[in-house]
Structures are given as C-alpha cells and as structure tokens.
Amino acid sequence: MPEVELSNLLPTMKDLIAPVIIGAVLWIARKVLPVITGKLHKAGKRWVVSDLRKIRSIRRCPFAIQRQIAKEGALFNAFLTITVVMLGAIMLLSRQLPLQVQLTYFSICMTPVLLLEWWWLIVRDLNEQLLRASIRIGPGFKRVVPHREQSERRIQARKQRQAAIVKRKSTKKAEVRVVARRLA
C-alpha cells in the first residue's frame with residue numbers, strides 16, 4: 001500500500017513539461033542575450049560617434065546650425081500636423097465599430113505619428129548637443145581657416161600695389177587742395 005501512495009506523488013510527464021520548457025528558454029536567453037545586448041551596445045556607440053562627428057563638422061558654420069534648427073522646426077510642425085490629421089481620421093473611421101477594430105485602426109493610424117515623433121526627438125537631441133558645442137567656439141561664428149603660406153614674390157607685389165594706391169590717394173588730395181585754394 002505505501003508504494004501506491006508514493007507513486008501518486010511522483011511527477012508525471014505533464015508536470016515536467018512546463019519546467020523543462022522554462023529552463024530551456026532561460027538557458028537560451030542566457031546564451032543569446034549577451035550577444036544581442038553587445039551588438040545593440042556597439043550599434044548605439046556607432047550612432048553616438050556619428051552624431052558627434054556630424055556636430056564637430058558643422059559646429060563652426062552658422063548656416064549649417066541654422067539649417068539644423070530649421071529642420072527640427074519643420075519636423076515638429078509635421079509631427080503636430082500629422083497627429084491632428086490621424087486623430088481626426090481615427091475618430092471618423094472608428095465611430096461605431098467594435099473595440100478590436102478601433103484598436104487596429106488606432107495602431108495603424110498612430111504608427112506614422114510615433115515614427116515622426118521619434119525622428120523629431122533624435123534631431124532635437126542632436127541640435128541641443130550642437131548648440132552646446134557651438135557655444136564653446138565663441139561669439140561671431142567666424143570660420144577660422146588657417147592662413148596659407150604666401151611666396152615672397154606675392155608679398156612684394158602686394159606691397160607695391162599698396163604703395164601705388166597710397167601715392168594715388170596723396171596726389172588726389174593735393175589736387176583737391178589746389179582746386180580748393182583757387183575757388184577761395
């Protein structure tokens with residue numbers, strides 16, 4: 001008799017399936033998740049580095065900065081416009097429909113809104129970093145281009161031209177003085 005009672009307490013195959021499946025899923029997750037998170041981390045780093053390179057390349061040019069700000073404003077306006085249009089479309093399309101169909105329409109109509117919002121937030125974050133980087137440059141936003149080495153011949157030719165200009169100006173002033181004395 002005691003053997004029959006103990007055999008009833010042993011787990012059956014039905015009882016063992018769930019723990020085995022859970023264990024297999026956790027083992028696979030333990031092996032796969034580090035690989036996935038590592039790849040996501042590398043992709044995130046590449047994204048940040050590309051943004052920083054873009055910021056470094058355009059932080060001294062006021063026109064490029066202005067273009068980025070205008071791009072952010074345009075994306076924000078597009079986001080607001082498409083939000084209003086899509087919410088109106090949802091309200092018109094799903095008036096007297098069942099809840100599951102309404103949720104389907106909602107998810108379909110809000111996908112472009114969410115994508116535009118995501119794009120706008122990325123550009124806004126880039127602009128905030130760009131403006132912080134451009135403030136450190138200093139006032140004026142003048143592009144600093146290194147001076148080219150000029151040849152001696154070019155320097156001498158410039159000095160001769162400047163001397164000729166000064167000579168012409170002095171002779172014109174003398175002519176004006178002579179004419180002014182005659183009129184007086």
Side-chain angles (χ1 to χ4, degrees), residues 32-92 106-184:
V32 172
L33 281 179
V35 174
I36 293 173
T37 55
K39 289 186 180 194
L40 286 175
H41 183 69
K42 286 179 184 177
K45 269 187 170 180
R46 271 188 258 125
W47 191 355
V48 169
V49 168
S50 70
D51 280 354
L52 290 176
R53 282 185 182 147
K54 183 176 182 179
I55 288 170
R56 190 182 328 155
S57 69
I58 66 174
R59 69 181 175 180
R60 294 177 187 235
C61 180
F63 300 112
I65 293 172
Q66 199 64 31
R67 182 173 180 219
Q68 282 297 118
I69 293 170
K71 182 179 177 182
E72 178 192 346
L75 282 171
F76 182 67
N77 287 336
F79 165 66
L80 288 180
T81 304
I82 200 164
T83 301
V84 170
V85 168
M86 289 301 176
L87 286 175
I90 290 170
M91 292 174 78
L92 288 176
F106 181 78
S107 62
I108 290 171
C109 289
M110 292 311 282
T111 301
V113 173
L114 295 175
L115 290 175
L116 252 177
E117 181 182 12
W118 179 67
W119 188 13
W120 168 64
L121 289 173
I122 289 172
V123 171
R124 188 183 76 177
D125 184 49
L126 178 83
N127 281 355
E128 287 174 359
Q129 291 177 0
L130 175 64
L131 290 175
R132 271 190 256 125
S134 67
I135 287 171
R136 286 184 273 163
I137 301 297
F141 286 119
K142 292 184 180 173
R143 205 178 263 223
V144 180
V145 178
H147 296 292
R148 284 180 33 197
E149 292 290 327
Q150 296 184 2
S151 66
E152 280 297 318
R153 192 186 87 194
R154 185 177 175 102
I155 293 171
Q156 294 300 323
R158 182 185 306 116
K159 285 181 182 178
Q160 289 174 356
R161 287 192 309 271
Q162 289 173 347
I165 291 171
V166 169
K167 188 175 181 182
R168 264 188 261 135
K169 284 185 179 180
S170 64
T171 56
K172 284 184 181 179
K173 285 182 183 178
E175 291 174 6
V176 170
R177 286 184 193 147
V178 172
V179 172
R181 286 184 191 157
R182 286 184 197 160
L183 294 174

Point to revise | Pair listing, ring pair (Phe, Tyr, Trp, His ring centres under 6.0 Å) test, anchored in residues 38-64, at least two apart | key: none

Review point. Is any side-chain heavy atom of Leu52 less than 4.5 Å from a side-chain heavy atom of Arg56?
Key: no

Review point. For atom CD of Glu128, is the number of surrounding heavy atoms from other residues, nucleotides or ligands below 6.0 Å larger than 12?
Key: yes

Revision key, fill the gap. Across all chains, not counting sequence neighbours, the side-chain hydrogen bond (donor to acceptor under 3.5 Å, both in side chains) partners of Arg67 are none

**Study point:** Partners passing side-chain hydrogen bond (donor to acceptor under 3.5 Å, both in side chains) against Glu72 (at least two apart in sequence or in another chain)
**Key:** Asn127

Exercise for review: Decide side chain to side chain contact (heavy atoms under 4.5 Å, CB included) for Gln162 and Val166; before the verdict, give the C-alpha distance in whole Å, the side-chain angles of both, and the deciding distance to 0.1 Å.
Suggested key: CA-CA 6 Å; Gln162 289 173 347; Val166 169; 5.5 Å; no

Drop me the distance from [X]'s [atom1] to [Y]'s [atom2], to the nearest 0.5 angstrom.
X	Y	atom1	atom2	result
Ile82	Asn77	CD1	CG	13.0 Å
Leu131	Ile65	CG	CD1	6.5 Å
Ile58	Gln68	CD1	CD	4.5 Å
Leu40	Lys45	CG	NZ	13.5 Å

Check your understanding: Can you name the residues that form a ring-ring contact (aromatic ring centres under 6.0 Å, His included) with Phe106, not counting sequence neighbours?
Key -> none

Could you list the donor-acceptor pairs under 3.5 angstrom formed by side chains in residues 107-125, with sequence neighbours left out?
| from | atom 1 | to | atom 2 | distance (Å) |
| --- | --- | --- | --- | --- |
| Ser107 | OG | Leu103 | O | 3.3 |
| Ser107 | OG | Thr104 | O | 2.8 |
| Thr111 | OG1 | Ser107 | O | 2.6 |

Under 3.5 Å, side-chain donor or acceptor atoms of residues 150-158 against the rest of the protein: list the pairs with distances, not counting sequence neighbours.
| from | atom 1 | to | atom 2 | distance (Å) |
| --- | --- | --- | --- | --- |
| Gln150 | OE1 | Arg158 | NH2 | 2.5 |
| Ser151 | OG | Arg154 | N | 3.3 |

